[in-house]
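A short write-up of the structure that comes next.
Residue numbers start from 1 in every chain, and the chains themselves are labelled A, B, ... in the order their sequence lines are given, proteins ahead of strands. Model, not experiment: these values are computed from the prediction.
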Amino acid sequence: MRVRFAPSPTGHLHVGNARTALFNWLLARGHGGTFILRIEDTDIERSTLESERGILADLRWMGLEWDEGPDVGGGHGPYRQSERLELYASHARELIEKRHAYYCFCSAETLEASRKLAMAEGRPPMYPGTCRELDPDESARRVAGGERAVVRFRVPDTGDVMFDDVVRGQVTFGMDVIGDFVLVRSDGRPAYNFAVVIDDALMHVTQVIRGEDHISNTPRQVLLYEAMGMEPPAFAHLSLVLGPDHAPLSKRHGATSVAEFRAKGYLPEALVNYLALIGWSPVAAAAAADLPPDDAGSELLPIDEMARRFSLDRVSHSAGVFDEAKLAWMNRHYMKQAAPERLAHECWTWLAERGWVTERTPDAQQFIASLMPIAAGSVDRLSEVADRVEFVFQWDAAAAAALVAADPGGRRVLEAFADEAAAGPLLDKEAFRAVMGRVKDRTGVKGKALFHPVRVALTAAESGPELDLAVPAIDRAAQLAASAGVRRVVSCHGRATAILNS
RNA sequence: GUCCCCAUCGUCCAGCGGUCAGGACGCGGCCCUUUCAAGGCCGAGACCCGGGUUCGAUUCCCGGUGGGGACGCCA
């Protein structure tokens, strides 16, 4: 089995394309096949080497290594279409000789006009066939004389083209809706439909897995295979990835590229796992494979396990909406799984942005890693870790106290806390818990509103005389906490959160 | 306009003639909790419409509607 992912380097790797790459990779890895990366850079106006590098980097970040490709080589290269021009030219010559293709001298303006007319008359806007019956020798002379021409494929006049789509079943197109399409542009570069066929054939690709937007190109390609006397590969068309409004996912929906999701702080395994779930169900695949039910029930799967379970006939027919909330949930899961050292590494840039860390010394890395358990698993993304650990680096006790002082509920909690705490020593966790329980009962306040004021008071206790407390309740609670010995256990970088916990 | 594809909770998937239509995310509630989260439990929430076929359709067929894609010297 040989599959390929063939992006054109005209921008960032879109998550929809990343999903296509992933499905190809999963199929290859699950079946001991070969995964090929081919760069479709025949559009010289838009292709850039920078995009190519970005796409390669994004694929590697996702963990999708390829066996053959522009940078790693392979036995069926080159792997950039711009380096295969001679191959296309020779096949084009052959098709012209066999009368499967012909030169067309029509101008872009003429063609545009006929397209418009066809639309207006309710006909499929396709090539009218103007140059179809030109004398081949005459055409050859005109081309030799320097006249600009494209090479068009001669589509049969009647009949149907059909192919068995692995995910959709049999698809049929009537010849009458397929116009004679361009194989070679007037500047000699191959057009998409021609280049893919030559490449897939020469690279011995056995299954072509690509986006649904290519489904109507497929009959043209099948025709080309037939004309060249070659066996077409199996085709599988994946439905598209949509935005929340059911329009194809685009910039106006927010992040769309792998690079953007990476920059937002998503872990690669989360993105990969999530993407696989749009249009594919590991649960059912597992059932089919007779796996233990509890194991089979989870959507959370490492990439290798997905590869093991992946199969094309379980791929959904309908388009899927990209749901960032679910991605975030998965990311949380993988952040909890990740080693603190790795998280520290991944979060570094965000912490550095705030000036909290500079050099990656072993000590600094170890310290940051020690902070990770506080944050990981309670935030959606790596970029949010900084906010989570902010108190370690900057905690304004006075500002916090002022905020609590302004809140009637907070003051009630502190009054109650001061009363209750005065009843006995507050030296251990159990005693503290008991006091907090009574405060909760007395005030009816719970959750964050209950603990935050107390936390502030404890911080005040730690801060000592340099914090001037204008609010009696806070002051009293703080003094009480200090005298009760709480201060002793208010330690570590955890100023507040880890109180009594350390 | 023409052709092609698609259609189960808000979203992603299960279902492949008889199910109390299942799970996950999200949402609501409760519990737990020394913040926020996380976690646990509970709950609300769907078969696009109309015809067939059948003893019986979410499931099969046809039509409609809706959504998407394609009709380039872009891929």
Provide the distance between the two P atoms, one in B:A70 and one in B:A57, to the nearest whole Å.
-> 39 Å
A:Arg115 has a side chain; which of B:G72, B:C71, B:U2 sits nearest to it?
-> B:G72
For A:Arg46, the side-chain contact (heavy atoms from CB on, under 4.5 Å) test, sequence neighbours excluded, returns A:Thr10, A:Asp43
Scan side-chain atoms only and decide if A:Asp41 and A:Gln81 contain a donor-acceptor pair under the 3.5 Å cut-off.
-> no
Would you tabulate the pairs of protein nitrogen or oxygen atoms and nucleotide nitrogen or oxygen atoms of nucleotides 42-46 of chain B closer than 3.5 angstrom?
none

Gap in Å between the two C1' atoms, one belonging to B:U59 and one to B:C16, rounded = 6 Å
Donor-acceptor pair present, A:Glu299 side chain and B:G23 base, under 3.5 Å = yes
In chain order, what residues pass the salt bridge (charged side-chain N to carboxylate O under 4.0 Å, His left out) check against A:Arg123, with sequence neighbours excluded?
-> A:Glu121
Interatomic distance at P, B:G18 relative to B:A37, whole Å = 44 Å
Partners meeting side-chain contact (heavy atoms from CB on, under 4.5 Å) with A:Trp329 (sequence neighbours left out) = A:Glu299, A:Leu300, A:Lys326, A:Arg332
For nucleotides B:U8 and B:A14, find the distance between their C1' atoms and express it as a whole number of Å.
-> 10 Å
Decide whether a cation-pi geometry holds between A:Arg152 and A:Tyr127; the criteria are a distance under 6.0 Å from NZ or CZ to the six-membered ring centre and an angle within 45° of the ring axis.
-> yes
B:C41 and B:U33: how far apart are their C1' atoms, nearest whole angstrom?
-> 16 Å
Whole Å only: how far is the CZ atom of A:Arg189 from the P atom of B:G72?
-> 18 Å
Remember a base hit wins even if backbone is also touched, and classify A:Gly279 as base, sugar-phosphate or nothing at under 4.0 Å, heavy atoms.
-> sugar-phosphate
Enumerate the residue pairs fulfilling salt bridge (charged side-chain N to carboxylate O under 4.0 Å, His left out) with a member in residues 160-177 of chain A, sequence neighbours excluded, ordered by first and then second residue.
-> A:Arg168-A:Glu212
Tell me, please, which residues at least two apart from A:Ser51 pass side-chain hydrogen bond (donor to acceptor under 3.5 Å, both in side chains).
-> A:Thr48
In residues 327-340 of chain A, which ones come under 4.0 Å of RNA chain B, going by heavy atoms?
-> A:Trp329, A:Arg332, A:Lys336
Quick one: label A:Ser239 by what it contacts on the DNA or RNA (base, sugar-phosphate, nothing), any heavy atom closer than 4.0 Å.
-> nothing
Contacts of type side-chain contact (heavy atoms from CB on, under 4.5 Å), residue A:Ala234, not counting sequence neighbours | A:Val166, A:Gln207
Hey, which sits more toward the 5' end of RNA chain B by its nearest nucleotide, A:Val379 or A:Arg123?
-> A:Arg123
Give every residue pair that meets the salt bridge (charged side-chain N to carboxylate O under 4.0 Å, His left out) criterion with at least one member in residues 186-195 of chain A, sequence neighbours excluded.
-> A:Glu45-A:Arg189, A:Asp187-A:Arg189
Rounded interatomic separation in angstrom, taking OH from A:Tyr274 and C1' from B:U11 | 8 Å
With A:Ala21, which residues qualify under side-chain contact (heavy atoms from CB on, under 4.5 Å), at least two apart?
-> A:Phe5, A:Leu59, A:Leu64
Residue pairs meeting ring pair (Phe, Tyr, Trp, His ring centres under 6.0 Å), one or both in residues 170-197 of chain A, sequence neighbours left out, come to A:Phe153-A:Phe181, A:Tyr192-A:His214
Protein and nucleotides 65-70 of chain B: nitrogen or oxygen contacts under 3.5 angstrom:
unit_1 : atom_1 : unit_2   : atom_2 : d
B:A70  : O4'    : A:Ser216 : OG     : 3.2
B:A70  : O2'    : A:Ser216 : OG     : 2.5

Expressed in whole Å, how much space separates the P atoms belonging to B:C6 and B:C13?
-> 14 Å
Sole candidate of A:Asn24, A:Asp200, A:Asp199 that passes side-chain hydrogen bond (donor to acceptor under 3.5 Å, both in side chains) when paired with A:Arg4 | A:Asp200
Using a cut-off of 4.0 Å on non-hydrogen atoms, how would the nucleic acid contact of A:Ser186 be classed: base, sugar-phosphate, or nothing?
-> base
Looking only at atom C1', what distance separates B:U19 and B:A46, rounded to whole Å?
-> 15 Å
Would you kindly compare A:Thr172 and A:Ala118 by the position of their nearest RNA chain B nucleotide and give the one closer to the 5′ end?
-> A:Ala118
Integer angstrom distance from the C1' of B:C9 to that of B:C4 | 29 Å
Which part of the nucleic acid, if any, lies within contact of A:Val150, taking any heavy atom under 4.0 Å across all strands shown: a base, the sugar-phosphate backbone alone, or nothing?
-> base
